[in-house]
Amino acid sequence: MSTDIVWGVATAAFQIEGATAEGGRGPSHWDTFQQQPGAIFHGEDADVACDHYHRWAEDLDLMASLGIPAYRLSLSWSRLQPTGRGQLNPDGVRFYRDLLRGCRQRGIEPYVTLYHWDLPQPLADEGGWPARATAEAFGDYARLVIAELGGLAENWITINEPICASFLSYDWGMQAPGHTDPDEAIRAAHHLLLAHGFALAAFREILPEARVGITNLLSRIRPFSDAAADMAKATEADARMNGLFMQPVHHGSYGELVESLFPQLTDPDLVREGDLQLISAPGDFTGINHYTNVLVKADDTSPFHGYRMIQVEPTPTSFDWSDTPEALHALLVWVAHEYTDLPLLVTENGATFHDYVTPDGQVHDPERIHYLEGYTGAVLQARADGVDVRGYFAWSFMDNFEWSWGYSMRFGLVFVDFGTQERIPKDSAHWYRDFIAGHASPLPTSKETTA
């Protein structure tokens with residue numbers, strides 16, 4: 001059985017590269033954040049991580065040996081443009097040029113993310129994403145990257161998960177820079193979407209043949225019961241977590257409910273004339289990252305907007321997140337119905353388990369195989385039901401630095417011994433290799449073949 005769905009894997013630069021002070025790279029706000037006491041589990045850092053900066057060739061060789069045809073990777077803004085402004089760093093350009101060429105030489109199609117959370121520290125010092133100047137700087141950065149590297153990939157993602165780079169970063173204090181200011185968060189959210197608009201416009205001008213989209217983190221959100229209070233709070237939670245980021249991209253406005261929850265969005269100094277036109281300019285696909293399936297229960301005692309979010313069981317992962325593939329199927333159907341007829345790419349989906357090397361030298365992870373069977377099946381079912389889903393990227397290719405959780409959470413298909421940097425493909429990697437061999441065919445890359 002074959003489909004025109006591409007099956008790939010994904011990573012992010014800060015989580016795997018290491019070499020944070022090599023090759024002309026400057027500090028990002030994650031480098032600064034990880035130095036704060038208590039910010040990262042066990043006080044760990046990403047200074048070495050998977051040492052991918054030095055081991056990229058062998059990592060790509062391993063990827064190729066597993067028959068993986070597509071790789072979603074990110075470019076480090078801090079490595080390419082250490083101050084967030086000015087000319088690109090030649091060593092950074094050389095590294096990513098070699099990496100992208102290395103993908104192509106091995107028959108691996110790169111899907112390249114411009115921003116996966118590593119904001120250059122000088123821009124953070126000037127206000128970070130709550131400042132409009134950061135979005136403008138990102139637009140300039142995108143133009144330089146397109147000129148240097150645009151010809152080496154046909155598929156590009158502008159921004160990864162703006163909800164995390166805004167609310168987790170500026171309101172909930174969980175991610176860099178660790179602020180807890182709701183006003184900063186909503187300003188950051190708008191500017192991240194605006195940065196997407198600036199980058200998309202740059203692609204359209206400089207490299208119109210590129211396929212470009214944005215990736216949002218989307219959850220399946222339903223009320224805990226049919227009680228009026230639960231239903232109202234579920235609608236509110238969906239607007240806060242999904243609608244805030246999907247509506248301006250696909251409908252060209254934030255909408256009345258979102259604006260009522262975030263009245264800052266009615267401020268003409270924040271949302272300026274022309275912003276929403278830039279943000280809603282047609283892309284070529286919609287990226288969806290999906291991990292959780294939650295029920296919303298009204299709770300006046302909860303400090304989180306008067307409701308609690310409850311993971312739908314079963315929750316076998318080490319994050320206590322759901323393993324409910326029907327939620328991904330429902331989400332894909334919902335996005336296609338509610339928001340867009342663009343092709344959909346599941347740009348991240350995966351689970352953490354308590355993986356370890358057994359005496360036979362292998363890593364046996366039947367729980368992850370079960371998870372992947374369900375979620376790849378959900379993608380296939382959505383496609384059979386008429387949803388134009390074109391890709392699925394397992395998070396992650398290998399265990400890595402999992403942000404505030406350090407090295408305690410393992411998402412990888414490949415086990416990494418961080419002390420020795422040994423890579424051991426888990427049983428799930430071999431399962432995925434066999435699944436791909438039975439299901440994959442190349443995803444069309446030109447706009448003419450996807451129209």
Side-chain angles (χ1 to χ4, degrees), residues 3-13 15-16 52 59-60 62-64 66-75 99-100 103 106-117 153-161 164 211-218 283-292 325 328-329 331-332 335 342-352 368-369 371-380 382-383 387-400 402 411-414 425-426 428-429 431-433 435-437 439-445 450:
T3 68
D4 61 351
I5 299 173
V6 68
W7 307 96
V9 294
T11 68
Q15 295 180 266
I16 66 169
H52 180 71
D59 287 338
L60 292 185
L62 177 57
M63 196 178 295
L66 292 168
I68 294 170
Y71 174 32
R72 181 186 169 217
L73 58 98
S74 79
L75 308 179
L99 179 60
L100 292 172
C103 288
R106 293 164 176 81
I108 299 168
E109 184 71 23
Y111 287 66
V112 185
T113 303
L114 283 176
Y115 184 73
H116 201 127
W117 305 354
E154 296 175 339
N155 300 279
W156 293 82
I157 294 164
T158 55
I159 302 288
N160 180 75
E161 296 182 355
C164 295
R211 301 181 70 252
V212 186
I214 185 173
T215 280
N216 276 297
L217 176 65
L218 301 180
D284 301 298
F285 59 83
T286 291
I288 297 170
N289 292 355
H290 174 73
Y291 292 97
T292 60
L328 176 58
H329 173 268
L331 185 69
L332 293 169
V335 170
L342 289 174
L344 306 182
L345 299 181
V346 180
T347 40
E348 289 181 26
N349 172 248
T352 57
R368 185 172 287 103
I369 292 174
Y371 185 97
L372 290 170
E373 286 176 333
Y375 282 84
T376 55
V379 170
L380 290 169
R383 184 56 183 260
V387 178
D388 190 10
V389 57
R390 303 283 186 92
Y392 174 92
F393 291 79
W395 185 271
S396 176
F397 173 58
M398 57 184 168
D399 297 331
N400 52 45
E402 184 48 37
F411 272 102
L413 302 180
V414 173
K426 302 174 189 179
S428 58
W431 179 89
Y432 198 42
R433 174 199 61 200
F435 173 87
I436 288 171
H439 291 80
S441 62
L443 177 69
T445 53
T450 60

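Below, each value reflects all heavy atoms present in this structure, side chains not excepted, and no hydrogens, waters or symmetry copies.
- L345 and G391 get closest at one heavy-atom pair: CD2-N, 3.5 Å.
- Minimum heavy-atom separation, G67 to I436: O-CG2, 3.5 Å.
- Side-chain contact between L75 and L114: present, with at least one pair of heavy atoms (C-beta onward) separated by less than 4.5 Å.
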#### Entry: Stepwise side-chain contact (heavy atoms from CB on, under 4.5 Å) test for H439 and T376
CA-CA 10 Å; H439 291 80; T376 55; over 6 Å; no
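- When all heavy atoms of G283 and L342 are compared, the pair lying nearest together is O-CD2, 3.4 Å.
- Nearest heavy-atom pair, A70 versus Y111, reported as atom, atom and distance to 0.1 Å: CB-CE1, 3.8 Å.
- Contact of the L99 side chain with the L60 side chain is registered, since non-hydrogen atoms from C-beta on lie closer than 4.5 Å.
- Nearest approach of Y71 to C103, heavy atoms of both residues: CD2-SG, 3.9 Å.
- E161 meets the salt bridge (Lys or Arg N to Asp or Glu O under 4.0 Å) test with no other residue; sequence neighbours excluded.
- Each of L66, D399, D59 was evaluated against V414; a single residue qualifies, L66, per the side-chain contact (heavy atoms from CB on, under 4.5 Å) test.
- V335 pairs in a side-chain contact (heavy atoms from CB on, under 4.5 Å) with only one of the listed residues (N216, V387, L218), which is L218.
- The shortest distance between side-chain heavy atoms of E402 and N400 falls below 4.5 Å.
- In this view, Y375 and Y371 satisfy the ring-ring contact (aromatic ring centres under 6.0 Å, His included) rule, not counting sequence neighbours.
- Residues F435 and E373 form no side-chain contact, since every pair of their non-hydrogen atoms from C-beta on lies 4.5 Å or further apart.
- Contact between R72 and T113 at its shortest, heavy atoms only, is NE-OG1, 3.0 Å.
- Taking 4.5 Å as the limit, every side-chain heavy atom of S74 sits out of range of all side-chain heavy atoms of N160.
- Counting heavy atoms from C-beta on, the side chains of H52 and T11 never come closer than 4.5 Å.
- Listed by chain and number, the residues in a ring-ring contact (aromatic ring centres under 6.0 Å, His included) with Y392 are W7 (sequence neighbours excluded).
- Using a 4.0 Å cut-off between charged nitrogen and carboxylate oxygen, R390 and D284 do not count as a salt-bridge pair.
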